Asks: 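Sharing a structure with you now.
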Amino acid sequence: TCFDGVRRVPQGTTWVFDGHGELKSRTGHWKPDLDIRPGVKDGAEYREEFKRLLSEAVASRMTGSRDRIAACVSGGLDSSAVASVAQSLASGRDAELRTFSGIFAGAPVSVDERRYVHSVVSRGGYDPKFVLVDYGKPLRDARVQLGVVGQPFSGTALYINWRVYIAAAEAGVSVLLDGVGGDVAVSDGAEWLLHLIERRSLSRFNAEVGAIASRMGLSRYKVTEKYLWTYLDGCATRRDWDRVRAGLNLLATELGRGAVVAYVRAAQNLALSGDQVGLRHQPPAGPVGLLKPRIQEAVQDEGSGDVGRWGHPSDSPSDSHRRAIVGGEVQTQIEANEPAAAYWGVECRSPFLDRRLVEFCMRLPLEWKIRDGWQRYILREALVGILDDEVRWRTWKSDLNQGFFGEFGPKEASFLLGRIGHVPGLEDLFDIQLLSGWLEKLAQRQRLGQEEIWGVYHIWMLSEWLWSRASSTDH
């Protein structure tokens, strides 16, 4: 955690301490049953069982006054799925389901999700509300949000959710259904693809990778590189150098020596912890060289026992899937969203995190996670007739970070330049001289790379939090 000497209890476990602070017992309270449920034998039964479990997960979270329940619809597959199921459950009561969607004014088409939101709500049975979110203004309420969340947060979407929570509260809504956790709960099949690499089932691996590349409009090289790099990450974090060597040979065989050179350079430049080396969908946690050497070493030591989002390649696909679920990604998102929503009197409920649904997805065969390049295939199949095909078959989602990165300019840089020398403890963590150089560039309207801006954002957030704590009488 961000508090010295305070660490998290691992997810799915219970720790019991005595009155003197001594740990007496440590037990796991979530041990998923991974045996296939009797009666689920063929494709139709898998699909219908998933549909039943998703419906039950949504229905069990629609308790309370119906007029105070609504759903978030971002336009993505997960939130759209939850809203569509919720609407089908509400339709029998002659009631429209209220929905809330954040939209941007002045944003480029590449981050405008209104087309997909309209595809969902235009089917009827909805009372949609569109909430105007200031494009490129993620820091406007950040100081208040820091106080509410109680710790620095690294995500870039809270400013969008914050506006949605305000609108929901003003409309008298007290419960918001969302799609949080859908990507890891259902899984895109990454754990299976890594398992195929481990078993050297390359013909099937190459077939799936080729289909994924075709569906997403990406080069086969890039998709292959992504999963091979992720495989190498899992080996490296456990210091399994025999597998690293074998993986590098496979990388050279599949993509050529240039791919090996690219991976080795990335490994030299980034901390080998979790998925910090492989090809990313999100910017890295911080630029290389910004952390003081001793802090960097501590981070690497802390992460040396971590095996990344998908675990070790020798793990079974089910074990890897479990690691992804309890790996902290969803927890971090919830730790920011739930207190922010509660501040406005709204409770977030996430059907995809229903234990029954999660455990069923962990038991799914590969062909129901990826088929013909369609990842999360069972979710798409189960929503036939419930969710519009334009959303059901989409393969990508807009990158909302474009608005986020546009926030940092001369004003923010000048403010942070004047602040960093006065924040207690900041100079113990970061290379202030390097940071000042970046901020001076921003102040002079020079462009920084996304990795550098990402690092500046984290330091801005941390400095605000440290400053507020130093200024408070309640330490």
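Predicted model only: the values in this text are computed from it and were never measured. Residue numbers start at 1 and run along the sequence shown.
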Asks: For the residue pair Glu335 / Gln331, report whether a side-chain donor-acceptor contact shorter than 3.5 Å exists.
Replies: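 A donor-acceptor contact under 3.5 Å links the two side chains.
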Asks: Classify the ring geometry of Tyr377 against Trp393: parallel below 30°, tilted from 30° to 60°, perpendicular beyond 60°.
Replies: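 Plane angle between 30° and 60°, so tilted.
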Asks: If the condition is salt bridge (charged side-chain N to carboxylate O under 4.0 Å, His left out), which residues does Asp388 pass it with, not counting sequence neighbours?
Replies: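 With sequence neighbours excluded, Asp388 shows a salt bridge (charged side-chain N to carboxylate O under 4.0 Å, His left out) to no residue whatsoever.
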Asks: Apply the side-chain contact (heavy atoms from CB on, under 4.5 Å) test between Leu379 and each candidate in Val186, Asp183, Leu387; give the one that qualifies.
Replies: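 For Leu379, the side-chain contact (heavy atoms from CB on, under 4.5 Å) check succeeds only for Val186.
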Asks: Considering only NZ, NE, NH1 and NH2 on the basic side and carboxylate oxygens on the acidic side, decide whether Arg52 and Glu56 come within less than 4.0 Å.
Replies: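 Salt bridge present between Arg52 and Glu56.
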Asks: Classify the ring geometry of Tyr46 against Trp368: parallel below 30°, tilted from 30° to 60°, perpendicular beyond 60°.
Replies: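 Rings of Tyr46 and Trp368: tilted, as their planes differ by 30° to 60°.
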Asks: Please name all residues satisfying salt bridge (charged side-chain N to carboxylate O under 4.0 Å, His left out) with Arg349, sequence neighbours left out, ordered by chain then number.
Replies: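 For Arg349, the residues satisfying salt bridge (charged side-chain N to carboxylate O under 4.0 Å, His left out) (neighbours in sequence not counted) are Glu347.
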Asks: Kindly state each residue pair satisfying salt bridge (Lys or Arg N to Asp or Glu O under 4.0 Å) with at least one member in residues 199-215, sequence neighbours excluded.
Replies: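 Qualifying pairs: Arg204-Glu367.
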Asks: Going by the rule salt bridge (charged side-chain N to carboxylate O under 4.0 Å, His left out), which residues pair with Arg245 if we only count those two or more places apart in sequence or in a different chain?
Replies: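 Counting only residues at least two positions away or on another chain, Arg245 forms a salt bridge (charged side-chain N to carboxylate O under 4.0 Å, His left out) with Asp242.
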Asks: Taking NZ, NE, NH1 and NH2 as the nitrogens, is one of them in Lys51 or Glu381 under 4.0 Å from a carboxylate oxygen of the other?
Replies: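 Answer for the salt bridge query: no.
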Asks: Ser119 pairs by side chain to side chain donor-acceptor pair (under 3.5 Å) with which of Arg394, Glu390, Arg392?
Replies: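 Answer after filtering Arg394, Glu390, Arg392: Glu390.
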Asks: Who passes salt bridge (charged side-chain N to carboxylate O under 4.0 Å, His left out) against Asp78, sequence neighbours left out?
Replies: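 Once residues adjacent in sequence are excluded, the partners of Asp78 under the salt bridge (charged side-chain N to carboxylate O under 4.0 Å, His left out) criterion are Arg376.
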Asks: Rounded to the nearest 0.5 Å, how far apart are OG of Ser350 and CG of Asp178?
Replies: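 It comes to 3.5 Å.
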Asks: Checking Arg323 against Glu191 for the salt bridge (Lys or Arg N to Asp or Glu O under 4.0 Å) test, could you report, in this order, the C-alpha distance in whole Å, the side-chain angles of both residues, the deciding distance, and whether it holds?
Replies: CA-CA 10 Å; Arg323 289 184 187 277; Glu191 73 279 12; over 6 Å; no
Asks: Hey, could you give me each pair passing salt bridge (Lys or Arg N to Asp or Glu O under 4.0 Å) that has a residue in residues 120-130? Not counting sequence neighbours.
Replies: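 Of all non-adjacent pairs touching residues 120-130, those that pass salt bridge (Lys or Arg N to Asp or Glu O under 4.0 Å) are Asp127-Lys129.
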Asks: More than 12 heavy atoms of other residues, nucleotides or ligands under 6.0 Å from CZ of Arg26: is that the case?
Replies: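 No - once you tally the heavy atoms of other residues, nucleotides and ligands closer than 6.0 Å, there are 12 at most.
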